[in-house]
Participant: 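I have a structure I would like to understand better, so I am pasting it below and will then ask my questions one at a time.
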Amino acid sequence: MSRLELRHVRKAFGGLDVLADISLSVGAGEFVSILGPSGAGKSTLFQLLTGAEHGEGEMLFDGMPLDDHGRHFAFMPQRDALMPWRRILDNTTLGLEVQGVRRQVARARVVPLLAEFGLAGFERHFPAQLSGGMRQRAALLRTVVQERDMLLLDEPFGALDALTRAAMQRWLEQMWRHHRWTALLITHDVREAVFLSDRIYVLSARPARVLREITVPLPRPRDPTGAAAQQAGALEAEILDILLNPQPSKGHDHD
Amino acid sequence: MSRLELRHVRKAFGGLDVLADISLSVGAGEFVSILGPSGAGKSTLFQLLTGAEHGEGEMLFDGMPLDDHGRHFAFMPQRDALMPWRRILDNTTLGLEVQGVRRQVARARVVPLLAEFGLAGFERHFPAQLSGGMRQRAALLRTVVQERDMLLLDEPFGALDALTRAAMQRWLEQMWRHHRWTALLITHDVREAVFLSDRIYVLSARPARVLREITVPLPRPRDPTGAAAQQAGALEAEILDILLNPQPSKGHDHD
Amino acid sequence: MSVGLLLVAWELYANYSGIKPTILPAPSRVFEQATLNREALIDNAVPTIRATLIGFACSLGAAFALSMLVDFFQPLRRALFPVFIVSQTLPLVAIAPLVVLWFGFGLTPKIMLVALVTFFPMLVALVQGYEATEVEIGQMLRAMGAGRWRVFVLARLPSALPYFFAGLRISITYAVVGAIFAEYAGAAKGLGIYMLNAKNNFRPDLVLAAVGVSAALTLILFGLTALLQRLAMPWERIGRQPAGKGPGR
Amino acid sequence: MSVGLLLVAWELYANYSGIKPTILPAPSRVFEQATLNREALIDNAVPTIRATLIGFACSLGAAFALSMLVDFFQPLRRALFPVFIVSQTLPLVAIAPLVVLWFGFGLTPKIMLVALVTFFPMLVALVQGYEATEVEIGQMLRAMGAGRWRVFVLARLPSALPYFFAGLRISITYAVVGAIFAEYAGAAKGLGIYMLNAKNNFRPDLVLAAVGVSAALTLILFGLTALLQRLAMPWERIGRQPAGKGPGR
Amino acid sequence: AATQKVTVALDWTVNTNHIGLFVARDKGFYREAGLEVDILPYSDTGAGTLVANRVADFGINGTISLFSQKTGGADLKAVYAVVQSETGRVVFNAARSEIKSPRDLDGLTYGGFGSAWENALISTIIRHDGGKGNFETVTLGTSAYEALANGSVDFTLEVSTWEGVEAELKGVKQRSFVYADYGVPDEHTTLISSSEAYLKANPALASAFIQATRRGYQFTVDHPAEAAALLIAGNKDALTNPALIEASLKALIDGHYLRAENGAIGTMDPAKMDAIGDYLFKAGILRDADGKVLTQHPDFAGYFSNSALG
Ligand SMILES: Nc1ncnc2c1ncn2[C@@H]1O[C@H](COP(=O)(O)OP(=O)(O)OP(=O)(O)O)[C@@H](O)[C@H]1O
Ligand SMILES: Nc1ncnc2c1ncn2[C@@H]1O[C@H](COP(=O)(O)OP(=O)(O)OP(=O)(O)O)[C@@H](O)[C@H]1O
Ligand SMILES: [Mg+2]
Ligand SMILES: [Mg+2]
């Protein structure tokens, strides 16, 4: 049974149709990506899930209508959204603090994970003292430590340069294999989607529809150099082609 | 004979060695890319070429020492650097204006190119009214219309999302095939380098050395979907591996 | 709207609280007297406006000239800024009479004082504005072969416009208040003198009428700068405002 | 340094131009007299400092309370801001004497005037600061299940700090000038009264000495806010300042 | 009995005109009369306004402002004359030899203080001397004397027992015209006033205050050195120029300002009050609440009362 299921979800801002008709599902322990052009409505989808906005259609969680939006998801926004005025340790415990967990307890939960996230020794640093990659790791730690049922990641590596990004993707893939989180990732980087996901939903330009659902048959651990890389490359080219020449009709001009 | 040739160029800022020993060359009509991690010293190299900074070593242009830095190059900085207060037409004629060309003449030179650059009808718009891709095209038009001997492009698509970026790369490859400019491109997107270049110099982290010089044997026009894509994918993986696990010794940690 | 409400509340309070009109005249009376004395008010507003505008123009000119100097010779900045900061800490009440003594009762001292009050904010705004120039635009211009002067005119100056206007809006308010202040210290005519006379002749209603005129004047000038900004920076109006672009108000 | 140069020039001018010391006393004389009368100066500085600090504290408190209100109920902003803008256009010189009639001679009117001068800049700074909160931080907090109040305390308030301090630096300058001004409207002691008395007793040197004290006072308060900022915002000091982060000075 | 509180507002920064108040306070005359007197600091708001609006019980103010404020509708009543005759005069630099009499002031620049009566007064003086009464006015707040010294104005009005004394001390050569020589009746330049409302409600208190105040002035005339020392000691920060205080006080006493030659201290001469009132009315200086020149001759008898003096 799927953890999260969306059925015919629609959303318009004033007169602007943003989400036309989105149906998708995420199984328990599955890593699913949403890929789509800029301005399609990807972040809007997360706004619906986190309760920041309300739309039409059904949203089910474990088969029940999704009502208490602040309970099921740990949300990681585009960029890292670390608070510059909080030390790394206090940034990572933020989610627990908001849940009402006592500071001591929250720290005790976070500290053992610091090493695994490559942040040991940086607890007392401010975000500005860390590199982009380390900041992303801190943001991810803040997200996963909330121990919610599911991760929502909105272009978590959007602000990084291509090289740091590749390294972070490798690291995230490792972490995911280890923890088997249920995760929904938004991205507009085709390679990232292919590298990380079990399944990919490709969205059209606004108003967003699901253009294609693609299962990624690559074995894990994923390897960006081996033979599977050839297969990945082909898949990437295919998806890029879907995005650049959308099937149904009216082409999406990139401007 | 090569148009631009650098021999053992070095540069330090105060005590910080940035460029350790760079030798490279660009032939007439050749498209060469420089690929390297963030902070390596890539932009510094362009600062030396455009005369904004001075370093050690030899820099030759058409076999002669490079002295009048403002004469040989048309430089396109990272992002588009369009002036928000100038209309697109006035932005594109900027380089000619600085050269002292009369406004009428400058416009006459630019206007016929607008259609080819996908900007027809947008002459009187301000940059903020254009999409990211159109802004990049305007910036490129401003650069090429200067009719200098060589283009220097510093991460021209750094600010774009992955999809728009792919579209702009395709378009640039087309334009280059048509005009056969001599071009030196800085990027840290491996795919971009492979897709556009005849040759690629891979730089190490700071202090920057040339780790490897790679010739790209792919036929033109480049095609991101066909059989050559497989070959390109392998090349990309190889370069990524060089960057992530630099040969000589001390590893470059991505943080 | 809320200003209107406040006026109504004041009117009611003045009429029904039993407060003496010599302490707090009702706005209706202030307005009536302002109408009756409109000629005198206009007559006195003219020199104040003149002092404000000329003083502000001088201040602008000086701030502009100095900002350019400072922009071209950075060391000057470190040398001169402390003087200007100190100049902002001088209490106007004490300085105004001295300035009037040194420069007489003509326009000069008023202009000086208006300039003193507005010069530094404008200078800071301009210098900050130049610094806001995108580094890459400057680098690109130099690679095109542009000299420092070309870079200044083509890039640094237009980049400073949003900051310039933000500074303008603040300074113009101080300019009017500064001019009135200067008149207090010595003048033949002007809103400041009118207020002083009204006070000395025990007419709080006329004092408030003059205060109203000066407030209206300030608001008009404020509005004009906003209008000017829309005209001078069409690209901000037409284009979508990119987030975090210029300084807000 | 340049301030020193200016003083030297003034000294030379005062000594050798033949200008009367009743019109422009030499700085050496001002300094000498300031030393002689230091007790009186200190004695008079105390009430001014008190009025400045209390007035400023009230203004801060009010600005803070109102900024929160405005932040929670956005419509209030549109309703109230015009009133505050108009309040900034009122010439203090004309208002000050009325304030004594309304509030008498105690500390109250001084505090009111200081607050009037500093309230609006602080309010604007705070409101602007709250708005500078990264949208995504707010969104993330709400997704964590935080209510409006949690979001305010955890995100909006700390985000406003750089703006708050920028506003503080500007306002503290006005606060001192405002307090001195308020004393002109009626006070037993204070730097403003000291200046007035010195003037009416034909002692321009003492007037300037008091001006010097008030300038020094302002600079000290200015320095203190800078220090406070360093202490209150360690992350700005330790971390590399990301470009275009907070409002500049 | 418990002491009763009385407040008195000043017309200017502390000076020798106020000496009786400080002497009465610091010698304990007020305490003996069962009063606790609070001498309010000088404020930008006129003492008459403070009294009329019941912010202060008493206030030191000028005769001309009393009359003009009273016809404007303010509740004021003079109860004590600080000086017995006119202390004001027209001054100009001695070097201006072309100024021989007031008619030579025509066309020159007057450094004024912003009251409507100043211009009327000066022009009647000039006209009385056969001039046209036309001159430029620059309003200077309080820097008129520096401006005169500076040469930026040609003439101004001064208090002979304060600015006049200071100029003499400094050795500044000045000449002056006395109002009385040019048709202006003599007046008690400076008064202490209260409001009808206060006097009616507190007649005994008012008498106690005025009589104790008179004791203060009386003492000043009899012991000028001690009085000056008291005034200076009571206002250390304000009075930074002891020589000026002493010289000014000497001028006040020697000129029979504080105590008239007939021995009167504090009493207002009804004839003088009436004459100046009459003069102000005829000169068109008195106006009603709306700023219109009075057309009806008011009854000045109600403007003052010596009754508090006992
Ligand atoms: N609160 C809102 N009010 C009105 N329009 C909105 C709002 N939020 C989003 N939109 C509009 O909805 C569209 C989709 O926005 P959204 O942020 O979901 O895009 P996206 O797919 O996440 O794009 P990107 O990849 O650039 O982040 C945009 O056109 C945007 O202008
Ligand atoms: N003017 C300068 N003064 C001092 N250090 C400088 C200066 N310019 C650059 N550097 C330093 O030189 C190093 C290389 O900078 P450069 O901009 O050349 O890197 P880059 O390879 O272009 O990086 P990116 O890919 O992020 O643009 C950096 O560490 C930078 O801090
Ligand atoms: Mg988005
Ligand atoms: Mg670079």
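None of the values given here were measured: they were computed from a predicted structure. Throughout, protein chains are lettered first and strands after them, A, B, ... in sequence-line order, and every chain is numbered starting at 1.
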Participant: From E:Asn235 CG over to D:Asn197 CG, what is the distance, rounded to the nearest 0.5 angstrom?
Facilitator: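 If we round to the nearest 0.5 Å, E:Asn235:CG and D:Asn197:CG are 8.0 Å apart.
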
Participant: Considering only heavy atoms and a distance below 4.5 Å, find which of E:Asn15, E:Asp237, E:Thr45 pairs most often with chain D.
Facilitator: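 Max contact count across the listed options: E:Asp237.
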
Participant: With a 4.5 angstrom heavy-atom cut-off, is it the side chain or the backbone of D:Leu206 that approaches chain E, or both, or neither?
Facilitator: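 D:Leu206 touches chain E through side-chain heavy atoms alone.
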
Participant: Is the side chain of E:Asn241 donor-acceptor paired with the backbone N or O of D:Arg203 at a distance under 3.5 Å, no angle test?
Facilitator: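 It does not hold such a pair.
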
Participant: Counting neighbours of CD on E:Glu168 that are heavy atoms of other residues, nucleotides or ligands and sit closer than 6.0 Å, is the number greater than 12?
Facilitator: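 No, not enclosed.
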
Participant: For a 4.5 angstrom cut-off between non-hydrogen side-chain atoms, does E:Trp162 reach D:Asn201?
Facilitator: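 Yes, their side chains come closer than 4.5 Å.
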
Participant: State whether the number of non-hydrogen atoms from other residues, nucleotides or ligands found under 6.0 Å of D:Phe31 atom CZ is greater than 12.
Facilitator: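 It does not: D:Phe31 CZ has 12 such atoms or fewer within range.
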
Participant: Using non-hydrogen atoms and a 4.5 Å limit, figure out which bit of E:Leu10 sits close to chain D: side chain, backbone, both or neither.
Facilitator: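 Neither part, no heavy atoms under 4.5 Å.
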
Participant: If you round to the nearest 0.5 Å, how far is CG of D:Asn200 from CH2 of E:Trp12?
Facilitator: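 So the CH2 of E:Trp12 and the CG of D:Asn200 are separated by 3.5 Å.
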
Participant: Any Lys/Arg nitrogen of D:Lys199 or E:Glu146 sitting under 4.0 Å from an Asp/Glu carboxylate oxygen of the other?
Facilitator: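 Yes, this pair counts.
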
Participant: To the nearest 0.5 Å, what is the distance between OG1 (E:Thr240) and CG (D:Leu36)?
Facilitator: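 Going from the OG1 atom of E:Thr240 to the CG atom of D:Leu36 covers 11.5 Å.
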
